[in-house]
J.: 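Below are the structure tokens for one structure; questions will follow.
Order of the sequence lines sets the chain letters (A, B, ...), proteins ahead of strands, with each chain counted from 1.
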Amino acid sequence: MISTNNRKIVTRLSLKSLKANPMRNLAVICAVILTTLLITSIFTMVLSLNKSMELTQMKTSGTDFHGGFKYLTRAQVETLKKHSSIREYGVMLNAGDLRNEVFKDSPVEVKRIDESSARHSFVDFIEGGLPSAENEIVLSTWVMDKLGIKHALGQKASLDIDIGERVVQQDFIVSGYYEADKNLSMAGLAFVSDAWVQKNLSSIDPVKSKASGSYVNTAELSVMFSNAVDIEKKLNKVLADTGLDVPTGINWAYTTSSLSENIINLVPYLAVILIIMLSGYLLIYNIFYISVVRDVKFYGLLKAIGTTPRQLKRIITIQSQMLYLVGLPFGLASGYGIGRALTPLLGTLSDEPVETSYSASPWIFIGAAAFAYLTVWIAASKPGRLAARIAPVEAVRFAGVSAKRKMNKRSKRGAKLYGMAFANLFRNKKKLFLMLTSLSLSMILFSIIFTVISSLDVNKYLSSYIAGDVVIRNRAIVQSAGEQPGDPYKLSGPFIGALGKIDGVKRVDSVYYKFENYTIDDTIRAALKPLAETASPEPALTWVLKNNFIQLNLYGIDAGWYDLVQKDVIEGSFDPQKFASGSYVLVTESTMVGDTYESYYHPGDHIEYKGLGKSYEVMAVLNYNALYAATTHVFSPYGYNAFFPSSELTRKLPAGSKPPMALSVTLHVDPAKLDSAAQTAKSLAASSDELVYKSREDYRQELGGFIRIFQTVGYGLSFVIALIGVLNYINTVITGVITRKNEFALLESIGMTKRQLKKVLVYEGLFNVLLTVSITSTLGVFLTYSISKSIADSMAFTVFHMGWLPFILAVPVLAAIAYTVTLSSYRMLSKDTIVERLRQTE
Amino acid sequence: MPILRIEHLKKYYGKDPQTTVKALDDVSLSVEKGEFLAIVGTSGSGKSTLLHMLGGLDRATSGKVFVDGNDIFAMSDEKLTIFRRRSVGFVFQSYNLVPILNVLENILLPIELDGGRIDQQYLNEVIGALGLQEKIHNLPSNLSGGQQQRVAIARALATKPSIILADEPTGNLDSKTSQEVLILLKQMSKKFNQTIVMITHNESIAQTADRIIRIEDGRIFSGNAASSGASLL
């Protein structure tokens, strides 16, 4: 029915209409830029963070190959690598392990690799390259440090290489070295040349060495497929096609919880994007709505002449799209810049060391552009419908007032100025609603962020991590779950003694740690059985019941910790003297299904621990995270922590029971000598890789950094949203005045003075503030309380207290804004004479 | 055959029987092709409402309007708009030109909205007859009232509609300009065999019409409502 060539006139009308409204265009473009900027920066941060995490995980797993085939003979490598699905491959030959004394606790594997493997294994040479001569070797800077040689080519390294059958002792020359982050790569590596392999390993049969467990002279073929989807299936297909049966490995960096894989992690970002879209929508919608209301005559006229509703809608849509296109590049560019600038900040929020890498994925821009477009489209569609619905006859009369007003006005007080002002507010309920929503939203958001930040409690944070002035922990134990190399017994008795002798140290409190697989007794079974009898019991629970044991952490604590016990007691009572006798145990609640906590035991029960060879009476039940600073911070599902006096762990234990490990030493230092004592302790701890030194001040700074990030992002966001709210308010007030120009002229012609008119406008502004405040002080307080309480409760080191300041502060700030905006819009008004203004109707 | 037929047209405002305003109360009327009909009445008599109904700008409470045999109230909003821009030309008292478009664009707007081809010869004829050749690139704000109304007439004629509805076309003009505009309007309609329905409250202007009907309180007060135009010619 509608032929295509009327599009031209519709486009032309849109362009003309654009030209006629420069101020409105500017406002929409700013809104588009703001919205796009915020969305782009979020996208940039999320994708960059995701990329950083992936990179970190790949570095941890040691390669970015998709997967590989292990323990191969040379013939097998040749067969496999020819498979058509393999895009790229690298061959790594196991050559042995270093047996030098310095590597006792941190194994170093010796390999022979090709260029491709080096490239895909993050071996970035600082100097030199892969070895070629028989006596050449490539080492990482960390291994060089351990060996005590300088970071330079041509250095001599005397190595003992265990090749399974024997240990080869040889002096090598460093042909290349690379920076390896010992926190990231799982094991140290050293690379020998092919010549060395030919000479030393040619006699070793890979099949035999595989059987013996040394794996020397077996090869690993790492491969890259066309993509990372379902790597396991692809590996199996290669095996099936070649008819080989060898172990395979998948690079878990591609499968484990990167941000994109874990939808839950994306929820907060999505929420932020939604808030941004909502405020962008409110802003753009409001501008267009007001512009349609203001130009209602224009649209009504177009309709009378014969513009169809659909064409009218298109006129609005085209305008919004053009403004969107103008604003888009600026928003994308500045958003990307801001996103990149904020990414490192976000990275520091994570517990794990993350190397920041930036994503420049086209999806950032496509996604942000799409979300921004969606916002603009939704925001413009309703004003478009409004324009389309305008009845041509109404057009002449329309002044933003609903025609269907039935309400009778029965006022006995006559036309009081404030009464008029109040009535004016409700003339356009939709506009009022939009304005109040955006103002209240920004205030509520601000107060939530403010409340959460003010709930962060430095002391609670500190007490979660440190009980004294300085703590030295053994990292090798804390991260025992991973494959972190290191000596779990590094914190030795003599070392602790040396710490105690430092000048100024008043007391030394140690924590000893022991691990026990506790066979499930009747009490525990009774508690767990009902939980397992659901349709789909938790995998961890099934595992526990199948293996018939739970994992317990046993801690021996020095007397210095006793003071911290009392606040975590939930059942029974803690008596330090009785506890010190060694016949009692403090047990914590266990981590049960779905983050609930429950204790198997009650005070008075007796529990026997095999590792300690003794039965203890339960003195009290504690919170699941009691004495958090003393523990490993690792909780095993359905297990619990048990605390004993340290003497119970350090005494002679039954045969076969592993000796306890000293987990941490906390020093209480005389404040006057804190600096020097801390320095001495720090240098003592620096003597080994395993020991981590942290002072109270270090933790304080860590939290400070966290709070700063939280403040930057939080206040930044609420500032932008507050800005949108205020812009909305300004827009509403100014256009409200413009559309009523005539009415004001009329009022003046019948005798209202300018002073009185100004008063009406000021009253209107104040009523707006009053309404906003009444919303924020009821619904706002409720939302702030419930949302920020749930956020604060889910964060470890917060003590919730409601922030009232934003609510109180908002009143004068809003009042000031309202007053200024009203006055400036009034000034716009009074330039023309009454007659001129009266004439402007038609 | 009448080009315009109105049957028992009613337009009531308000639902409360006590306060209902009967803008049109059972009006029937028929207009022949080529007729020039003037509707006179005091303000508030319902004459503007009647005109709005005829052009499909507003919908009736009950009753029917047939334009060229088409029941216009049976059409959807979209269809009605398209029908209107093809078959009805409007001339308003307040000109109602689109302020952001120049004279030529205003005149062409209905054609272009319809996606139709422009009949250049016809257009030149209309523009020439209305004396707008010099002004076609001016914006409406640069024109006098008479000039603006001539543009509005040109716009109404642009799609070669079968009916022209004029709502007090001379209401804002001085008497000399009024006469000019009126003569132009009449000439054009004769030339292109168009039907004109014009509202006015000026008796002398009404006298130029082929037929006059008077409307008071929403009813046809005098005049031969059902008469055929032919008898008056």
Side-chain angles (χ1 to χ4, degrees), chain A residues 1-22 24-25 291 294-315 319 385 387-397 403-408 839-842, chain B residues 11 13-16 19 23 48-49 51-53 55-59 76-102 105-118 139-140 152 155-156 158-159 161 165 167 171-172:
Chain A
M1 177 141 192
I2 295 178
S3 55
T4 42
N5 57 346
N6 64 9
R7 294 214 159 192
K8 233 169 67 189
I9 180 69
V10 172
T11 311
R12 196 132 48 86
L13 277 173
S14 313
L15 279 174
K16 294 267 180 183
S17 172
L18 274 178
K19 248 192 201 159
N21 294 301
R24 184 206 60 183
N25 297 346
S291 121
R294 205 171 35 176
D295 294 344
V296 75
K297 236 190 111 185
F298 169 69
Y299 293 111
L301 185 59
L302 284 179
K303 203 174 180 188
I305 293 166
T307 317
T308 64
R310 211 177 316 175
Q311 286 172 329
L312 282 175
K313 240 184 283 175
R314 270 187 63 79
I315 289 177
Q319 292 185 42
R385 276 208 297 281
R389 265 208 320 270
I390 292 170
V393 221
E394 292 283 321
V396 195
R397 305 178 208 151
K404 286 180 197 151
R405 218 154 53 127
K406 284 191 210 155
M407 197 177 73
N408 287 326
R839 264 211 198 130
Q840 278 166 5
T841 1
E842 305 230 346
Chain B
K11 178 70 177 179
Y13 290 107
K15 289 210 174 96
D16 184 358
T19 59
S48 281
T49 311
L51 198 79
H52 291 154
M53 297 289 152
L57 287 183
D58 204 355
R59 285 173 187 267
S76 72
D77 213 12
E78 186 92 9
K79 273 190 174 164
L80 180 58
T81 309
I82 292 167
F83 177 79
R84 186 171 58 228
R85 75 185 175 203
R86 289 180 181 164
S87 311
V88 184
F90 275 101
V91 180
F92 298 97
Q93 177 181 4
S94 49
Y95 328 130
N96 281 351
L97 299 177
V98 180
I100 55 174
L101 301 180
N102 67 25
E105 287 169 328
N106 262 293
I107 295 172
L108 292 180
L109 187 60
I111 308 174
E112 292 190 294
L113 283 171
D114 204 40
R117 297 249 320 259
I118 294 158
L139 282 179
R155 183 178 65 189
T159 52
L165 300 176
D167 188 352
N172 281 357

J.: Quick check for you: to the nearest 0.5 Å, what is the distance between Leu109(B) atom CG and Leu13(A) atom CG?
T.: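 Leu109(B) CG to Leu13(A) CG: 5.5 Å, rounded to 0.5 Å.
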J.: Does any backbone or side-chain atom of Phe83(B) lie under 4.5 Å from a heavy atom of chain A? Answer side chain, backbone, both or neither.
T.: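 No part of Phe83(B) comes within 4.5 Å of chain A.
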J.: Considering all heavy atoms of both residues, which atom of Ala304(A) and which atom of Phe90(B) are nearest to each other, and what is their separation?
T.: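 Answer, listing the atom of Ala304(A) first, then Phe90(B): O-CD1, 4.1 Å.
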J.: Provide the closest heavy-atom pair for Ile305(A) versus Arg85(B) in the form atom of the first, atom of the second, distance.
T.: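 Looks like O-CB, 3.4 Å.
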J.: Sequence neighbours excluded, which residues qualify as salt bridge (charged side-chain N to carboxylate O under 4.0 Å, His left out) partners of Arg12(A)?
T.: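 With neighbours one apart ignored, the set is Glu105(B), Glu112(B).
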J.: To the nearest 0.5 Å, what is the distance between CZ (Arg310(A)) and CD1 (Ile82(B))?
T.: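 Between Arg310(A) CZ and Ile82(B) CD1, I get 7.5 Å after rounding to 0.5 Å.
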J.: Is it true that a side-chain atom of Arg86(B) and a backbone atom of Gly306(A) form a donor plus acceptor pair closer than 3.5 Å?
T.: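 Checking the backbone N and O of Gly306(A) against the side chain of Arg86(B), no donor-acceptor pair under 3.5 Å is found.
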J.: Given that the side chain runs from C-beta out, which part of Arg155(B) has a heavy atom under 4.5 Å from chain A: side chain, backbone, both or neither?
T.: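 Arg155(B) touches chain A through side-chain heavy atoms alone.
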J.: Heavy-atom pairs under 4.5 Å with chain B: which of Ala20(A), Ala388(A), Pro309(A) has the most?
T.: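 If we count pairs closer than 4.5 Å to chain B, Pro309(A) comes out on top.
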J.: Who pairs with Lys11(B) by salt bridge (charged side-chain N to carboxylate O under 4.0 Å, His left out), at least two apart in sequence or on another chain?
T.: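 Counting only residues at least two positions away or on another chain, Lys11(B) forms a salt bridge (charged side-chain N to carboxylate O under 4.0 Å, His left out) with Asp58(B).
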